[in-house]
2 protein chains.
Amino acid sequence: MKWDDVGQLNCSVARTLAVIGDRWTMLIIRNAFIGTRRFADFQEQLGLTKHLLSDRLKRLVDVGIFKKVPYQQGRYEYRFTDMGRALYPVLLSMTAWGDAWLDEGKGAPLLYIHKDCGKKMIPTMVCSECGDAVTARDVMIQPGPGLYSDANTTQHSS
Amino acid sequence: MKWDDVGQLNCSVARTLAVIGDRWTMLIIRNAFIGTRRFADFQEQLGLTKHLLSDRLKRLVDVGIFKKVPYQQGRYEYRFTDMGRALYPVLLSMTAWGDAWLDEGKGAPLLYIHKDCGKKMIPTMVCSECGDAVTARDVMIQPGPGLYSDANTTQHSS
DNA sequence: TGCTAAGGTTCTAAAAAGGAACCATTTAAG
DNA sequence: CTTAAATGGTTCCTTTTTAGAACCTTAGCA
């Protein structure tokens, strides 16, 4: 299977990965959450080639994660749409995993303070209904409305 | 910057992406959470080439996400370590985002039932301390212990 | 003994990433 | 008014990765 076909699978993980699952995209998004908005800043901070950055930003705009906002004659910057901002939990979950498992014993490079309660936070995934923390064993999968709604039945057998 | 250098950055997102941030790895992990354990099954379900699958599994074992468990003479299967199982929130957050933003109006392909409370769950990221849902605006970043602990100071200026 | 299945490796072609150089606007400086 | 420099790219070429197919090795079994 070619990579481009992955986005056609009827699976939310596959479709998400088709959008953000390449080498640089999540790093671009990370920096956008930190406040980066302009082409040159992304390029300097990430050190990727202009060619790639240009391509990735274009794709992120196409998908609807960023929008181009003019800030001068003929200049514009890249800002999150709601769709883009909604990726924050993905970023947080990666951060939390990296902090926990890849810190080489040195502790997390950054700490996350929850403004509302003022404490150091560990991002935690919970059930929206009962608020309990969720692990793989706590979850059961069931077919949903989007599963058989088209001809594409090439998804995993769960 | 070459991709291989990204893993050296003193940033948990970058280090996480260096491990799971390529095209196929998270899909392999997704299937592992569904129960897939054997080479041939991964290959059939994902449709990626044996070459790549072999390489990715090897890397996942090296990193410590999978361990090889023998199940016959000279045969073994790939199972999560604790480190690997800890990736579940990353998978859930991607799923939730895809369900919310990429369903093309058809609804989620799969529903997630939280066994403990029996309800359809939307995975939600909360603060470990106060339990409130977290968005990008609620979080403040602070230098942590791992930030200046080595010569590598090439991280983002937050 | 020969067949099949699992779990690969090797080979080649196609696609993507990396690096450097170049270009078109716009603003700023002399 | 002319030149310089910054922004936001594009083009061209080389090096890496992927994709796809074919081949190999070991174990179990008829």
Side-chain angles (χ1 to χ4, degrees), chain A residues 1-9 14 17-29 31-32 35-63 65-79 154, chain B residues 1-9 14 17-29 31-32 35-63 65-79 154:
Chain A
M1 188 196 290
K2 286 254 178 86
W3 177 248
D4 292 333
D5 302 331
V6 167
Q8 308 308 313
L9 294 178
L17 286 170
V19 176
I20 61 160
D22 77 286
R23 284 145 124 105
W24 292 104
T25 301
M26 274 307 292
L27 283 177
I28 293 171
I29 286 168
N31 279 39
T36 306
R37 292 193 166 77
R38 297 186 186 171
F39 190 94
D41 294 335
F42 281 114
Q43 215 232 317
E44 189 198 325
Q45 291 163 24
L46 294 174
L48 82 176
T49 63
K50 290 169 148 200
H51 191 6
L52 262 196
L53 178 59
S54 177
D55 181 80
R56 289 307 119 88
L57 288 173
K58 214 170 283 172
R59 199 199 302 171
L60 286 168
V61 170
D62 284 352
V63 170
I65 287 174
F66 283 146
K67 61 191 167 195
K68 282 169 119 170
V69 178
Y71 71 93
Q72 254 184 26
Q73 270 296 8
R75 305 282 160 78
Y76 39 83
E77 46 189 30
Y78 296 89
R79 299 213 193 191
T154 330
Chain B
M1 190 195 290
K2 286 255 176 87
W3 178 249
D4 293 333
D5 303 330
V6 168
Q8 309 307 314
L9 294 178
L17 286 169
V19 176
I20 62 161
D22 78 287
R23 283 144 125 106
W24 292 104
T25 301
M26 273 309 290
L27 282 177
I28 292 171
I29 286 168
N31 279 38
T36 306
R37 292 194 166 77
R38 297 188 186 171
F39 190 95
D41 294 334
F42 281 114
Q43 216 234 315
E44 190 197 326
Q45 290 163 26
L46 293 174
L48 83 175
T49 63
K50 290 169 148 199
H51 191 4
L52 262 196
L53 178 58
S54 178
D55 181 80
R56 290 305 120 91
L57 288 173
K58 214 169 285 172
R59 200 198 303 174
L60 287 168
V61 170
D62 284 350
V63 170
I65 287 174
F66 284 146
K67 61 191 166 196
K68 282 169 119 171
V69 178
Y71 71 94
Q72 250 183 30
Q73 270 297 5
R75 306 282 160 78
Y76 38 84
E77 47 189 30
Y78 297 88
R79 299 211 194 192
T154 331

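This one's a predicted model, so the numbers in the text were calculated from it and none came from an experiment. Sequence lines set the chain letters: A, B, ... in the order given, protein chains first and strands last, and positions in each chain run from 1.
In this structure, B:Lys2 places its NZ atom 12 Å from C1' of D:dT17, rounding to the nearest Å. Computed from coordinates, the B:Asp22 CG to C:dA17 C1' distance equals 14 Å when rounded to whole Å. Rounded to whole angstrom, the span from the CG atom of B:Leu52 across to the C1' atom of C:dA16 amounts to 13 Å. Remark: C1' of C:dG7 and CG of B:Leu46 are 16 Å apart, rounded to the nearest angstrom. Here C:dA6 presents its P atom at 11 Å from CD of B:Gln43, a figure rounded to the nearest Å. In this structure, CG of A:Leu57 is placed 7 Å from P of D:dG9, rounded to the nearest angstrom. We find that CG of B:Asp5 is positioned 16 Å from P of C:dA17, with the value rounded to whole Å. For B:Arg23 and C:dA14, the CZ to P distance is 17 Å, given to the nearest whole Å.
The two residues A:Glu77 and A:Tyr71 have their closest heavy-atom pair at N-CD2, 3.8 Å. Closest approach of B:Val19 to B:Arg59, counting heavy atoms only: O-NH1, 4.1 Å. Summarising the geometry of A:Leu48 relative to A:Gln43, their closest heavy-atom pair is O-NE2, 3.1 Å, with the distance given to 0.1 Å. A:Asp22 and A:Arg56 get closest at one heavy-atom pair: OD2-NH1, 2.6 Å. Scanning all heavy atoms of the two residues, the minimum distance from A:Met1 to B:Leu46 falls at CE-O, 3.5 Å.
Counting any heavy atom pair closer than 4.0 Å across all strands shown, B:Phe42 reaches no nucleic acid atom.
For A:Tyr71, a side-chain nitrogen or oxygen approaches OP1 or OP2 of D:dG8 to under 4.0 Å. For A:Lys50, no side-chain nitrogen or oxygen approaches OP1 or OP2 of D:dC12 to under 4.0 Å. Distances shown here put every side-chain N or O of A:Tyr76 at or beyond 4.0 Å from the OP1 or OP2 atom of C:dT26. Contact check, A:Ser54 against D:dT10: a side-chain N or O comes under 4.0 Å of OP1 or OP2. Listed pair B:Lys58 / C:dT9 meets the phosphate criterion, a side-chain N or O lying under 4.0 Å from OP1 or OP2. Applying the 4.0 Å criterion to OP1 and OP2 of C:dA14, one finds that A:Trp3 has every side-chain N and O outside that range. Distances shown here put a side-chain N or O of A:Arg56 below 4.0 Å from the OP1 or OP2 atom of C:dA17.
If you check D:dT17, D:dA19, D:dC12 against the side chain of A:His51, the one that comes closest is D:dC12. Relative to the side chain of A:Arg75, the nucleotides D:dA19, C:dT25, D:dG9 differ in distance, and C:dT25 lies closest. When the nucleotides C:dA16, C:dG7, C:dG18 are ranked by their closest atom to the side chain of A:Thr49, C:dG18 comes out on top. Picking from D:dG20, D:dT17, D:dG8 the nucleotide with the shortest atom distance to the side chain of A:Ala40 gives D:dG8.
Between B:Tyr78 and B:Phe42, the two ring planes are perpendicular [angle over 60°; tilted spans 30° to 60°].
Place B:Gly47 and A:Asp41 on DNA chain D by their nearest nucleotides, and A:Asp41 ends up nearer the 5' end.
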